[in-house]
Amino acid sequence: MAAPILVVAAALVDDLDRPARLLAARRTRPEALAGRWEFPGGKVDPGESPPEALHRELREELGVAVRLGREVVGPDDGCWPLTDRYRMRLWLGRITEGRPEPLEDHDVLRWLTRAELGDVDWIEGDLPIVAALRGYFPDSP
Ligand SMILES: Nc1nc2c([nH]c(=O)n2[C@H]2C[C@H](O)[C@@H](COP(=O)(O)OP(=O)(O)OP(=O)(O)O)O2)c(=O)[nH]1
């Protein structure tokens, strides 16, 4: 089987140390994923480092510049398995320039509190990541 393709994404939060809100984005394509929610990001292009790819994707998709924080390390060599084809690395991030807009690939963005994390229909593979991120929100049940 071919090696899985690396996707990079950001858990954009309002505060890297004490997050109260996380940005979720609703996909418009492909049809199988349209309407499902995800972390903004995308595939790493040849010659790009994962953080370079992530900065590019966030600029293209949301029109923002970000400061990346710590990596949310997954169970599979640091990656989060998504499907047979894709695995993902994910970093916390805080917007430093711009106001996020659904410029491409998404039609709605939502800032979710910890209590609201389960209110959107996340892509299946993202559910373990969402569960892990709950632990990053301080002082909440
Ligand atoms: N960006 C992102 N992709 C995810 C997440 N969860 C998940 O299963 N995926 C899947 C959906 C896609 O099949 C794949 C990433 O592809 P993508 O469509 O975001 O990548 P891209 O922007 O480079 O796409 P393209 O230009 O090549 O069409 O990973 C997630 O949280 N964020």
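What you see is a predicted model, and the numbers here were worked out from it, not measured in a lab. Counting convention: from 1, in listed order, for ligands and their atoms alike.
In this comparison of Ala53, Gly125, Gly41, Pro30, the heavy atom closest to atom 1 (N) of ligand 1 sits on Gly41.
Ranking protein heavy atoms by distance to atom 25 (P) of ligand 1, first place goes to Lys43 NZ, 3.4 Å. The shortest contact between atom 3 (N) of ligand 1 and any protein heavy atom is with Glu38 OE1, 3.2 Å. Given atom 32 (N) of ligand 1, the protein heavy atom at minimum distance is Phe39 O, 2.7 Å. Remark: minimum distance from atom 9 (N) of ligand 1 to any protein heavy atom is reached at Leu82 CD1, 3.6 Å. For atom 6 (N) of ligand 1, the closest non-hydrogen atom of the protein is Asp126 OD1, 2.9 Å. Among all protein heavy atoms, the one lying closest to atom 12 (C) of ligand 1 is Arg27 NH1, 4.1 Å.
Checked by atom type and distance alone, the side chain of Glu57 never pairs as donor or acceptor with a backbone atom of Pro40 at under 3.5 Å. When atom types are taken as modelled, the side chain of Arg29 and the backbone of Glu31 share no donor-acceptor pair closer than 3.5 angstrom. Judged by distance alone, the side chain of Arg36 and the main-chain N or O of Trp122 form a donor-acceptor pair under 3.5 Å. At distances below 3.5 Å, at least one donor-acceptor pair connects side-chain atoms of Trp80 with backbone N or O atoms of Val72. Between the side chain of Thr113 and the backbone N or O of Arg21, no donor-acceptor pair lies under 3.5 Å. Asp15 contributes a side-chain N or O that, together with a main-chain N or O of Arg18, makes up a donor-acceptor pair within less than 3.5 Å. When atom types are taken as modelled, the side chain of Asp126 and the backbone of Glu38 share no donor-acceptor pair closer than 3.5 angstrom.
Counting heavy atoms of neighbouring residues, nucleotides and ligands inside a 6.0 Å radius, atom CZ of Arg110 exceeds 12 of them.
No N or O atom of Tyr86 sits closer than 3.5 Å to an N or O atom of ligand 1. No N or O atom of Val7 sits closer than 3.5 Å to an N or O atom of ligand 1.
When heavy-atom distances to ligand 1 are checked against a 4.0 Å cut-off, Arg29 comes that close only through its side chain, counted from C-beta outward. Contacts with ligand 1 closer than 4.0 Å are made by side-chain heavy atoms of Glu57 only, the backbone lying farther away.
Near Asp105, with a cut-off below 4.0 Å to any heavy atom, the atoms of ligand 1 are 22 (O). Below 4.0 Å from some heavy atom of Leu33 lie the following atoms of ligand 1, by number and element: 11 (C).
The minimum heavy-atom distance between Glu116 and Leu112, with the atom names listed, is OE1-CA, 3.5 Å.
Residue contacts with ligand 1: Met88 is included, with a non-hydrogen atom under 4.0 Å away.
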